[in-house]
Each structure stands twice: as C-alpha cells, then as structure tokens.
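Per chain, numbering begins at 1; letters A, B, ... match sequence-line order.
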2 protein chains.
Amino acid sequence: MDDPLTKFPGYSLRRAASAAGAELAARLAELDLRQTDASALLLIGANPDITASALGRQLDIQRANMVPLLKRLEAAGLVERHAIDGKSQGLVLTAKGADARAKALAVIEHFEGQLLARVPEEHRDHLLPALNALWLGES
Amino acid sequence: MDDPLTKFPGYSLRRAASAAGAELAARLAELDLRQTDASALLLIGANPDITASALGRQLDIQRANMVPLLKRLEAAGLVERHAIDGKSQGLVLTAKGADARAKALAVIEHFEGQLLARVPEEHRDHLLPALNALWLGES
DNA sequence: TCGGATTGCTATGGGCAACAACAATCGCTA
DNA sequence: TAGCGATTGTTGTTGCCCATAGCAATCCGA
C-alpha cells in the first residue's frame, strides 16, 4: 500500500504519541492511575503546596478540567488540599500519594527506557531536544 | 517551578503531538476538514478503490470508527463508494474530493515545513526516523 | 477603596478511540 | 460443493481528554 503519510514528521508525531500513550496508559492502569493523574502526582511531589491553577498551567490543562482530576486524586486519598488564603488551595501528597508517586515514577522510567531503546542509537540523543523544541517556550 | 516531566521523551512526545495537532487542526478547519479526514483523503487519493477496512488498518482506526468518518466525507461529497463485491466497498475521491485533497496537502506540507523549522538544525534530520522507529513495524 | 485579575467551580459539548455484538458475505478446504 | 472460519460494514455504548462560557468569591495594586 502506498502511504504518503509516513513522510510527514507531524503525522509520525501523532502516531508515535498515540502508540506510546496507549502503552503507558495500560501500564499505569495497573496502579489505577491515568497519565494525567501520574503527571499531576509527579508535579505535586516536586512542588508541594502548588496551586491547582499553577499545576494546570504547567500541565497545560484548563482550570475547569483540573476539577475532576483533583477530585479523583483526592477521592483516592492521594492528594490533600488546604487553604492558602481565601481563594487559593495548596496541594500536597498524602503518604499514600507519595507511595503512588514513587510507583508511578518507577513505571514511567522503565517505560521511557524501553521507548528510547526502540530508536536507533544514532538518532537517540536527538529525540528529546527535538521534541522539546516543538512545544517548549512557545507560549 | 520544578518540572520533572520535561526529562521524559514520552511526556515531551505527548505535549509536542498535542501542540502540533491543535495547530494543524486549526488550519485544516478552514477547509472544513479534521485531521483524520485529511489523512483519509490523502490515502484514498494515493490508493483508489481502497477498502474501508484496509484504510482503517493503515490509519490504525478501528472498523467501527471508520463509519462516521466515511459518512462525513461522503455527505460532504468528497468520497464515493462503490461495491467491489457483495461485502466490500471501494473508496474513490470525487472531483470535489480531489480538490479538497490538493488543498489539504498544501496546508499540511506548509505546516510540516514550519514544524521542522522549529527544531534546531543539528537535530532536524533525526526527528522523522526517530519517531518512525517508535511506531512503525511494531504491529 | 475600587476595579481588574485570579481562583475554583459548574455545565456542556466535541473529537477520538475502544469494546461488544450482529448480519451478510467471502473464500478456503474437506 | 457444502460448510465453516474469517472478513466486512454497521450499530450502540462507553471512556478519556480537551475546549468554551459563565459565575461567585477573593486577591491585589493603583
């Protein structure tokens, strides 16, 4: 079959992200976590007392869409909120949340290792900087 | 803010694909096309009489999800189906569809050019082969 | 102190994909 | 050639992720 699509970096980007995402999602599902959950846990762990808004900005998730995400993490007992002032809330990992974060980190690092192993060695070191150039610092 | 996520190729892949996808979608919207529509048009144009199932396999879209896609393209007068045998249907571009395909191709090629221009020159030629290694030939 | 910006939230919808199930048809093989 | 497994097109449903619009409460700087 003649496929004119594989010549396009944008299309390959889409397909690669989709394939990698599905695989990572499956592994995180064993921890009862979604990808967005895991990324939020990592970021909260690295930045205790971060605000829901700031977290959303960093993850590029709208404020409105942070609500169900945090509600889920809080319901699972992984995250706690406490008022910083009258309108802002600081997010902190619970002990259970710190444990989930560690497990998620292990899963992700293992996954990332396998991902990188798939790309031929001569291209490997170029992948991350090339990808980051596509979205970092454009906002 | 400390962001432990940008060290992960998988996360950068996700974000880069999301950013690029949103941008391409916005440009294709001016042609009243979605990304999947455009990719289907390109593939049908390159492979006349392709089957809906084969097209879905190539695009990694389930048979079931091809139905609304093709229904949309057919309703827009871009694609026609004709029976190959009792159960298979061949897909062909109409004149209007060929025109839409050409316009979409121009938009995509322009977009891909801008995309590649964003990555530093020393990484540029490595992007496509690295990405393709992540999803091609794994099935 | 007052007005613009920020925060958290509700409600709603779109795009995309996954799964299960089904009837009709095809094609290989016994 | 009769039959059976595989394939095709389809319906229906669900889930994830993101976007927008709007709202009340609060913060903060001029």
Side-chain angles (χ1 to χ4, degrees), chain A residues 11 13-29 32-40 44 49-75 79-91 135 139, chain B residues 11 13-29 32-40 49-76 79-91 135 139:
Chain A
Y11 183 73
L13 186 61
R14 181 178 165 74
R15 290 292 300 271
S18 170
E23 196 174 334
L24 179 57
R27 301 196 191 179
L28 286 175
D32 278 310
L33 290 177
R34 304 178 190 174
Q35 292 186 64
T36 48
D37 297 346
S39 57
I44 295 174
D49 271 353
I50 192 177
T51 280
S53 288
L55 181 59
R57 272 191 299 271
Q58 195 68 17
L59 294 175
D60 202 26
I61 297 177
Q62 308 278 325
R63 258 175 310 141
N65 297 324
M66 293 299 299
V67 179
L69 201 176
L70 292 177
K71 196 171 292 183
R72 190 170 55 241
L73 292 179
E74 199 176 19
V79 165
E80 278 177 358
R81 329 189 194 195
H82 64 268
I84 290 183
D85 57 28
K87 73 175 178 184
S88 294
Q89 308 172 1
L91 301 171
W135 67 278
S139 61
Chain B
Y11 183 74
L13 186 62
R14 182 177 164 76
R15 291 291 300 269
S18 170
E23 195 174 336
L24 179 57
R27 302 196 191 178
L28 286 175
D32 278 311
L33 291 177
R34 304 177 191 173
Q35 292 187 66
T36 48
D37 296 346
S39 57
D49 271 353
I50 192 178
T51 280
S53 289
L55 181 58
R57 274 190 298 271
Q58 194 69 18
L59 294 175
D60 202 26
I61 297 177
Q62 307 276 325
R63 270 196 326 280
N65 296 325
M66 293 298 299
V67 178
L69 201 176
L70 291 176
K71 197 172 290 182
R72 190 169 57 239
L73 292 179
E74 198 175 17
V79 164
E80 278 178 359
R81 328 188 195 196
H82 65 268
I84 289 182
D85 57 28
K87 74 173 176 183
S88 295
Q89 309 171 2
L91 301 171
W135 65 278
S139 59

Consider the side chain of Arg63(A), meaning its heavy atoms from C-beta on, and name the nucleotide among dT26(D), dT11(D), dC9(C) that approaches it most closely.
dC9(C)
Just how far, in rounded Å, is P of dG9(D) from CG of Leu91(B)?
8 Å
Hey, does Leu59(B) have a side-chain heavy atom less than 4.5 Å from the side chain of Thr36(B)?
no
The nucleotide from dA19(D), dC17(D), dG8(C) with an atom nearest the side chain of Gln35(A) is dC17(D)
Using whole Å, what does the distance between atom C1' of nucleotide dA25(D) and atom CD of Gln89(A) come to?
12 Å
Between Gln62(B) and dA18(C), is there a contact of a side-chain N or O with OP1 or OP2 at under 4.0 Å?
yes
Provide the closest heavy-atom pair for Trp135(B) versus Ala19(A) in the form atom of the first, atom of the second, distance.
CB-CB, 4.2 Å
Please name the pair of heavy atoms, one in Leu70(A) and one in Ala52(A), separated by the smallest distance, quoted to 0.1 Å.
CD1-CB, 3.6 Å
Gln35(A) (side chain) donor-acceptor with Gly21(A) (main chain) under 3.5 angstrom:
yes
Specify the residue among Ala22(A) and Val67(A) whose closest nucleotide of DNA chain C lies further upstream toward the 5′ end.
Val67(A)
Closest non-hydrogen contact found for Ala20(B) with Leu13(A) is CB-CD2, 3.9 Å
Relative orientation of the end axes in the helix from dT1(C)-dA30(D) to dA30(C)-dT1(D), expressed as an angle to the nearest 10° (five pairs per end):
20°
Testing the basics here: between Arg81(A) and Gln89(A), what is the closest heavy-atom pair and its distance to 0.1 Å?
CD-OE1, 3.0 Å
Comparing nearest nucleotides in DNA chain C, the 5'-proximal residue of the pair Ser18(A), Ser53(A) is Ser53(A)
From the set dT10(D), dG8(C), dC26(C), return the single nucleotide nearest to any side-chain atom of Ser88(A).
dG8(C)
Of the candidate nucleotides dG8(C), dG12(D), dG9(D), which contains the atom at the shortest distance from the side chain of Ala64(B)?
dG12(D)
Please report the distance, rounded to the nearest Å, between CG in Leu24(B) and P in dC16(C).
11 Å
Length of the line joining Leu70(B):CG and dT10(D):P, which is rounded to integer Å:
8 Å
Expressed in angstrom and rounded to an integer, what is the separation of Lys71(A) atom NZ from dC9(C) atom C1'?
8 Å
Starting the side chain at C-beta, find the nucleotide from dC27(D), dC17(D), dA20(C) nearest to Thr36(A).
dC17(D)
On DNA chain D, more 5' by nearest nucleotide between Asp37(A) and Lys87(A) is Asp37(A)
Are side-chain heavy atoms of Met66(B) and Thr51(B) found at a separation under 4.5 Å?
no
What is the distance, to the nearest angstrom, from the CG atom on Asp60(A) to the C1' atom on dC18(D)?
10 Å
As a test of reading the structure: which of dG9(D), dT6(C), dG15(C) is closest to the side chain of Arg34(B), going by heavy atoms?
dG15(C)
Taking every non-hydrogen atom, the tightest pair across Leu73(B) and Ala40(B)
CD1-CB, 4.0 Å
Separation of dT20(D) atom P from Asn65(A) atom CG, nearest Å, is 10 Å
Could you tell me the separation between the CG atom of Asp85(A) and the P atom of dC28(D), rounded to a whole number of Å?
6 Å
